[in-house]
Amino acid sequence: MAYGVAAGHDEHAHHPTGWRRWVNSTNHKDIGTMYIVLALIAALIGGIMSWMIRGELAQPGVTFIDNYQFYNVLVTAHGFIMVFFVVMPALIGGFGNWFVPLMIGAPDMAFPRMNNISLWLTTAGFVLLLIAAFVGAGPGTGWTVYPPLSSATFHPDAAVDFAILSLHVAGAGSILGAINFITTILNMRAPGMTLHRMPLFVWSILVTAFLLLLALPVLAGGLTMLLTDRNFGTTFFEVAGGGDPVLWQHLFWFFGHPEVYIIVLPAFGIISQIVSTFSRKPVFGYLGMAYAMVAIGFVGFIVWAHHMYTTGLGVDTRAYFTLATLIIAVPTGIKIFSWLATMWGGSIELKAPMLYAIGFIFLFVVGGVTGVALANAGIDFAMHDTYYVVAHFHYVMAIAAIFAMFGGYLYWIGKMSGKQYNEPLAKAQFWVFFVGVNVLFFPQHFLGLAGMPRRIPDYPDAFVGWNMVSSVGALITMIGTLMFFYLIWHTFRYGKTAEANPWGEGATTLEWTVPSPAPFHTHEQLPVIGPTGQPRAGSGAVSPAE
Amino acid sequence: MVTKRIIIGTLIGAVVAGLAAAGTAVAGEPQPWQMNLMPAQSPVMERVHEFHNLLLVIQVGIVLLVLGLLGYIIFRFNAKRNPVPSRTSHNTLLEVIWTAVPVVILVIIAIPGLRLLYFHDRAHEYDFTVKVTGHQWYWSYTYPDHGDFTFTSIMVPDDELQEGQPRLLAVDNPVVVPVGTNVQILVVSDDVIHAWAVPSLGVKVDATPGRVNERWLHVHEEGTYYGMCSELCGINHAFMPIQLEAVSPEAFEAWVEETREEWASRQNAPGVRVAAGDGGADVR
């Protein structure tokens with residue numbers, strides 16, 4: 001009742017202004033905004049790299065990159081940037097920071113200053129990675145950084161060291177962020193907001209934070225060993241000193257496989273919120289949805305060697321990893337069917353975020369079924385290190401995560417900025433982008449089956465046709481991406497004022513009970529959550545209508 | 001309506017023709033617009049094809065099921081047609097079904113998958129051994145059972161290609177095996193990790209320094225089979241192809257004699273010849 005007034009007052013009174021507001025920020029919303037800005041900048045840089053790659057591959061021979069080390073650097077940096085500095089900052093740092101406290105009825109994150117250092121460590125990591133590309137010949141190792149290619153013998157300048165430091169720093173930021181999320185979610189839920197009443201997006205961030213906390217230290221250990229191999233004469237991965245390059249692959253993928261779930265779990269959470277909102281129905285099988293994510297997170301830690309089927313693992317080991325990997329299809333199937341069941345019987349409005357959610361489901365299923373093939377060690381070697389794998393992981397985690405990012409952005413932009421996006425423009429943008437990514441990545445299945453290896457700047461002439469189609473798809477995707485940036489500008493310039501809840505009765509989570517844009521401080525008086533998951537009348541977060 | 005039907009018919013025809021073209025190609029060389037795996041020329045690859053055909057049916061089935069459901073849901077339950085949403089959020093039977101049915105499908109996949117894995121792992125008896133060594137950026141082959149001779153196999157640069165040699169796939173000295181024999185392949189590396197692959201024969205295995213990986217080959221028909229290095233190994237990763245010639249046992253014996261003499265006279269293997277298009281960067 002008086003909340004809106006008080007909040008309006010707060011907004012002007014109690015926060016620093018100018019650069020101090022942002023650089024020294026301890027506010028989860030401002031930090032979330034800065035994470036999203038970081039992700040947008042990084043996405044543009046990583047995207048330009050991918051268009052350069054597709055440009056080079058549009059026709060055989062040298063198209064415009066005649067320095068193949070530079071090509072390898074592009075491939076490497078594109079992977080690093082998109083994983084560590086686009087998807088993770090956007091989904092976890094950006095939407096996680098913004099909406100986890102809002103959704104659980106907490107005034108802010110548990111450790112606001114640590115939140116600040118997480119952001120700036122991630123930013124520093126990004127800067128170090130960009131520097132790496134300009135040091136010497138650049139890191140041309142692929143994002144997997146396999147030694148001996150990444151050793152001092154084969155990458156003698158400091159480029160790989162900069163890349164290692166970049167991941168160290170960004171990883172430290174992510175670990176601190178994970179601790180912050182776990183503490184916030186476990187300790188700062190509003191009265192009545194039990195674990196089993198939390199929105200699924202909060203569940204997804206909770207599981208993701210545990211994965212980060214358990215996986216990133218393993219990466220950090222491996223990176224440190226690589227760093228000392230390169231600079232201080234240790235031989236963890238050097239055969240000449242009794243080390244083993246395959247040890248690196250085990251360490252890397254023990255982190256690397258959970259990492260793909262770190263990317264896709266928050267996307268699951270966002271899709272669940274969107275699907276429920278625009279179907280005007282509660283999520284179907286809520287507990288199954290939450291514990292499917294827990295199961296995916298757990299199993300994600302015991303399947304890492306399915307990335308290593310051709311390294312010479314014993315046949316029984318490969319049999320184990322085949323079976324363990326196939327099991328992941330069960331909880332992911334539960335997610336897909338529960339989304340469909342949520343929509344079933346609903347009153348569906350095909351607003352742009354919902355289009356992105358449906359697009360996500362389609363992409364995730366296509367990427368999922370190729371994953372079932374790749375899980376089998378008996379057939380994986382036919383596709384391993386070919387474009388089939390490139391198509392698979394772009395469908396299942398890369399483009400799927402981008403769809404969740406775009407969908408989440410459109411879903412929440414009114415809450416974050418107070419301005420609503422333009423619906424016809426957003427729908428047009430969706431269709432261009434959706435057609436683009438499918439024309440871009442679907443033909444890569446064919447290239448991979450025919451045996452075209454990954455990470456090559458030139459290819460035999462038989463692969464011309466589908467590569468050209470794929471590059472045309474990249475062009476369409478580029479237009480779609482530019483349209484998205486235009487949409488952002490358009491929203492801020494011409495966007496209509498957003499209501500507190502622009503989506504109607506389907507939007508039931510707590511962030512829609514505070515005004516738009518969300519005031520600087522929210523939930524100062526804690527809402528009390530009733531058995532339906534809704535705040536009790538008269539408790540902290542009253543709807544602006546009252 | 002009629003024109004629409006003709007267009008669809010033409011499209012289907014084109015796809016079928018494309019698949020057929022890919023299916024009937026004899027050589028172990030990728031074909032333009034190829035959409036499926038390389039034609040099988042070895043027992044392993046035949047089983048890979050069988051298994052992939054099973055997978056393809058399941059994959060397409062699942063995608064079509066989800067697409068169909070999505071289409072029906074969007075049509076039937078949109079806000080205009082169904083203004084009042086149901087409040088159903090549980091159905092235990094349904095949830096049990098969509099957990100159990102995928103488990104059954106996975107078992108159907110896992111059984112042939114594991115059989116293929118164990119079949120592909122090793123053969124019971126070998127006729128002889130070829131040792132493959134990866135280098136930046138060429139392969140060398142050693143025949144320990146035929147006098148232990150070694151030769152190098154380097155990509156033919158674009159400007160030296162002969163008539164009929166495919167660009168980026170042809171090499172100066174192909175590796176040669178006789179048809180109808182079980183060949184043990186031992187793969188090692190001299191520097192960084194490479195991967196030795198011949199798709200139409202169902203072989204891909206990493207060449208890692210410090211360890212010897214084993215696979216086996218059995219080629220049905222005489223012919224030329226191509227592959228490419230399949231692990232990022234530096235600047236010229238794209239330019240160290242594999243060319244394998246399968247010949248009759250008699251021709252193989254003759255080739256062994258000739259090659260052994262030719263390479264025995266060269267005391268030292270030639271230095272690394274940098275393949276075409278060296279990037280010129282400061283990295284080995």
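Throughout, protein chains are lettered first and strands after them, A, B, ... in sequence-line order, and every chain is numbered starting at 1.
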Tell me the closest heavy-atom pair linking [X] and [Y], and the distance in Å.
| X | Y | result |
| --- | --- | --- |
| A:Ala382 | B:Lys204 | O-NZ, 3.5 Å |
| B:Leu168 | A:Pro460 | CD1-N, 3.9 Å |
| A:Asp458 | B:Ala238 | O-CB, 3.9 Å |
| B:Ile193 | A:Pro245 | CD1-CB, 4.3 Å |
| B:Ala79 | A:Ser347 | CA-OG, 3.4 Å |
| B:His52 | A:Leu449 | NE2-CD2, 3.8 Å |

Determine, step by step, whether B:Ser86 and A:Lys281 satisfy the side chain to side chain contact (heavy atoms under 4.5 Å, CB included) criterion, reporting the C-alpha distance in whole Å, the side-chain angles of both residues, the deciding distance to 0.1 Å, and the verdict. CA-CA 7 Å; B:Ser86 86; A:Lys281 267 184 71 191; 3.8 Å; yes

Let's test your reading of the structure: which of [options] forms the most heavy-atom pairs below 4.5 Å with chain A?
| options | result |
| --- | --- |
| B:Gly202, B:Pro241, B:Gly227, B:Gly113 | B:Gly202 |
| B:Val84, B:Asn91, B:Leu94, B:Thr92 | B:Asn91 |
| B:Leu69, B:Leu70, B:Val60 | B:Leu70 |
| B:Val103, B:Val187, B:Thr99, B:Ile58 | B:Thr99 |
| B:Ser230, B:Pro199, B:Ala207 | B:Ser230 |

Side chain / backbone / both / neither for [X] at chain B, heavy atoms under 4.5 Å:
| X | answer |
| --- | --- |
| A:Tyr388 | side chain |
| A:Tyr146 | side chain |
| A:Met383 | both |
| A:Pro147 | backbone |
| A:Val75 | neither |
| A:Gln249 | side chain |
| A:Leu287 | neither |
| A:Val464 | neither |
| A:Phe278 | neither |

Is it the case that over 12 heavy atoms from other parts of the model lie below 6.0 angstrom from the CZ atom of B:Arg115? no

Please classify the contact between [X] and chain A as side chain, backbone, both or neither, with a heavy-atom cut-off of under 4.5 Å.
| X | value |
| --- | --- |
| B:Val44 | side chain |
| B:Tyr72 | side chain |
| B:His120 | side chain |
| B:Leu64 | neither |
| B:Thr208 | side chain |
| B:Arg215 | side chain |
| B:Asn213 | side chain |
| B:Ile109 | both |
| B:Glu231 | both |
| B:Pro166 | neither |
| B:Ala110 | both |

For B:Trp196, what residues pass the side chain to side chain donor-acceptor pair (under 3.5 Å) criterion, not counting sequence neighbours? B:Tyr141

Among [options], who wins on heavy-atom pairs under 4.5 Å with chain B?
| options | result |
| --- | --- |
| A:Pro331, A:Pro457, A:Ala319 | A:Ala319 |
| A:Gly448, A:Ala377, A:Ala375, A:Gly451 | A:Ala377 |
| A:Val239, A:Ile379, A:Leu326, A:Val365 | A:Ile379 |
| A:Thr342, A:Ile361, A:Val246 | A:Val246 |
| A:Ser279, A:Ser338, A:Gly136 | A:Ser338 |
| A:Gly345, A:Gly312, A:Pro453 | A:Gly345 |

Applying side chain to side chain contact (heavy atoms under 4.5 Å, CB included) to A:Ile334 and B:Trp98, what does each step give before you reach the verdict? CA-CA 7 Å; A:Ile334 291 174; B:Trp98 72 46; 4.1 Å; yes

Side chains of A:Thr310 and B:Asp206: do they bring a donor and an acceptor to under 3.5 Å?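 Side-chain D/A pair, A:Thr310 to B:Asp206: present.
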
Going by distance alone, is a donor N or O of one side chain under 3.5 Å from an acceptor N or O of the other, for B:Tyr118 and A:Asp316?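 Yes - a donor-acceptor pair under 3.5 Å links their side chains.
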
Side-chain heavy-atom pair [X], [Y] within 4.5 angstrom cut-off:
| X | Y | result |
| --- | --- | --- |
| A:Phe337 | B:Leu65 | yes |
| A:Ile456 | B:Phe239 | no |
| A:Thr311 | B:Val205 | no |
| A:Tyr68 | B:His237 | no |
| A:Ile327 | B:Leu106 | no |
| A:Thr141 | B:Leu232 | no |

Could you grab the distance from atom CD of B:Gln59 to atom NE2 of A:His445, nearest 0.5 Å is fine?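 Separation between the atoms: 8.0 Å.
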
Straight-line distance of A:Thr386 OG1 to B:Met228 CE, nearest 0.5 Å: 12.0 Å

Taking the six-membered ring for Trp and the full ring for Phe, Tyr or His, determine whether the centres of B:Trp33 and A:Phe463 are under 6.0 Å apart.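 No, too far apart.
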
Worked verdict on B:Met35 versus A:Trp466 for side chain to side chain contact (heavy atoms under 4.5 Å, CB included): CA-CA 9 Å; B:Met35 294 171 77; A:Trp466 292 123; 3.8 Å; yes

Is a side-chain donor or acceptor of A:Asp461 paired with a backbone partner of B:Arg167 at a separation under 3.5 angstrom?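 No: the side chain of A:Asp461 does not pair with the backbone of B:Arg167.
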
Candidate pair B:Ile73 and A:Leu340, rule side chain to side chain contact (heavy atoms under 4.5 Å, CB included), full reasoning: CA-CA 8 Å; B:Ile73 289 169; A:Leu340 294 178; 4.1 Å; yes

